[in-house]
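Remarks on the structure that follows.
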Amino acid sequence: MDNDILETLLNHRSVRQFKQQKLNDAEINQLLKAAQQASTSQFEQQFSIISVTDPKKLQVLADVTTYDLVKNAGHYFLFIADQHRNEQILKHLDSNADTTNLHSTDKLLASIHDVDLALQSMFTAAESMGMGGVVMGSIYNDTDKIIDAFNLPQLTFPVLGLALGYPAETPEVKPRITSSIIHYDNVYDDEIDFEKLDTYDQLVHDYYASRKGNPREESFTHHLMHDLTKSPVRKNILPALKRQGFLKL
């Protein structure tokens with residue numbers, strides 16, 4: 001069965017090299033519309049998006065993320081969890097409105113979920129338009145620097161960056177773990193089929209060994225062991241969240 005949307009989703013890959021072609025206003029507006037049509041918790045639309053075009057701001061992102069690709073992409077979007085706007089709206093409607101709830105863990109999670117859904121919708125739309133890109137959680141390397149550089153007020157928090165553009169490369173599709181290891185019926189299954197995990201490990205090893213760009217010896221479980229057992233490097237996230245007025249409930 002021909003299904004363009006499904007084909008786009010199943011052929012997703014991260015693109016880090018872009019043609020020297022900036023996105024035009026029509027393309028940016030189309031991507032923003034796609035992001036805004038994503039599902040949103042309680043229809044409260046608890047996110048904002050910053051288009052980053054200022055070379056100095058792009059350099060800040062490059063320094064924090066350690067990726068110069070942010071300066072070479074067709075466009076860079078910074079996605080913000082945002083309860084500040086809703087606080088302003090409530091205060092406009094009633095100067096005595098109780099906005100305590102906006103500082104809660106519940107509303108923080110809701111705004112982060114809104115970001116994730118909006119970003120994925122934008123990314124899928126971009127890929128359907130012939131673009132590619134990469135999601136950048138590396139903005140967490142120094143959240144305070146991002147907050148200061150972009151003048152983020154209380155009740156906002158930077159969640160993800162998205163670099164988009166027209167690809168100058170065609171990376172191989174990275175294999176995902178078999179669905180039988182992550183999909184259960186009715187209850188969580190605590191028994192991992194390690195034979196299937198070994199098979200997946202080999203698949204990932206073969207992918208890294210044969211890919212055109214940056215081939216290396218790697219497997220899924222080796223990657224997990226290396227990444228999850230090292231000392232935490234992003235210890236500033238919780239203090240930054242509290243600095244921004246979240247996690248009070």
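Starting from 1, each residue takes its place in the sequence as its number. Just so it is clear, the structure is predicted and the values come from calculations on it, not from any experiment.
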Taking [X] for the side chain and [Y] for the main chain, is one N or O donor matched with an acceptor at less than 3.5 Å?
| X | Y | value |
| --- | --- | --- |
| Thr199 | Glu195 | yes |
| Asn141 | Val64 | yes |
| Asp193 | Ser180 | no |
| Thr143 | Tyr140 | no |
| Thr40 | Gln45 | yes |
| Gln83 | His103 | no |

Do [X] and [Y] have side-chain heavy atoms sitting under 4.5 Å apart?
| X | Y | result |
| --- | --- | --- |
| Ser48 | Thr156 | no |
| Ile80 | Ile50 | yes |
| Tyr76 | Lys57 | no |
| Ile49 | Leu78 | no |
| Arg13 | Glu172 | no |
| Leu119 | Met122 | no |
| Met136 | Leu162 | no |
| Gln46 | Lys107 | yes |

Taking only residues two or more places apart in sequence, or in another chain, which ones meet [X] in a salt bridge (charged side-chain N to carboxylate O under 4.0 Å, His left out)?
| X | value |
| --- | --- |
| Lys22 | none |
| Lys145 | none |
| Arg85 | Asp82 |

Can you sort out the partners of [X] under ring pair (Phe, Tyr, Trp, His ring centres under 6.0 Å), two or more places apart, ordered by chain and number?
| X | answer |
| --- | --- |
| His12 | Phe123 |
| Phe43 | none |
| Phe77 | His75 |

(message) I need the minimum non-hydrogen distance between Ser128 and Thr8, along with the two atoms involved.
(response) N-CG2, 4.0 Å
(request) Grab the two heavy atoms, one from Tyr166 and one from Met129, that are nearest each other, plus how far apart they are. (result) CE2-O, 4.0 Å
(message) Cation-pi check for Tyr208 against Arg216: NZ or CZ below 6.0 Å from the six-membered ring centre and within 45 degrees of the axis, yes or no?
(response) yes
(message) I want to check a possible cation-pi pair here: Lys174 against Tyr207, using under 6.0 Å from ring centre and within 45° of the ring axis as the test.
(response) no
(request) Kindly write out the residues that satisfy side chain to side chain contact (heavy atoms under 4.5 Å, CB included) with Asp94, not counting sequence neighbours, or none if the list is empty. (result) Asn96, Ala97
(request) Taking side chain to side chain contact (heavy atoms under 4.5 Å, CB included) as the test, write out the residues that go with Thr105, two or more places apart. (result) Leu109, Leu247
Going by side-chain hydrogen bond (donor to acceptor under 3.5 Å, both in side chains), name the residues that satisfy it together with [X], two or more places apart in sequence or in a different chain.
| X | answer |
| --- | --- |
| Ser210 | none |
| Asp144 | Arg243 |
| Asp116 | none |

[X] and [Y]: side chain donor to acceptor below 3.5 Å:
| X | Y | answer |
| --- | --- | --- |
| Asp106 | Ser104 | no |
| Ser41 | Asp114 | no |
| Gln154 | His84 | no |

(request) Would you please classify the geometry between the His226 ring and the His222 ring as parallel, tilted or perpendicular, with 30° and 60° separating the classes? (result) parallel
(request) Could you tell me whether Glu7 atom CD has more than 12 heavy atoms of other residues or ligands within 6.0 Å of it? (result) no
(message) With a 6.0 Å cut-off (strictly less than), is the heavy-atom count around CZ of Phe150, excluding the residue itself, greater than 12?
(response) yes
(message) Test of understanding: clusters of I, L, V, M, F, W, Y form through side-chain heavy atoms closer than 4.5 Å, transitively. Do Leu117 and Phe79 belong to the same one?
(response) no
(message) Starting from Met225 and following side-chain heavy-atom contacts under 4.5 Å between hydrophobic residues (I, L, V, M, F, W, Y), which residues can be reached?
(response) none
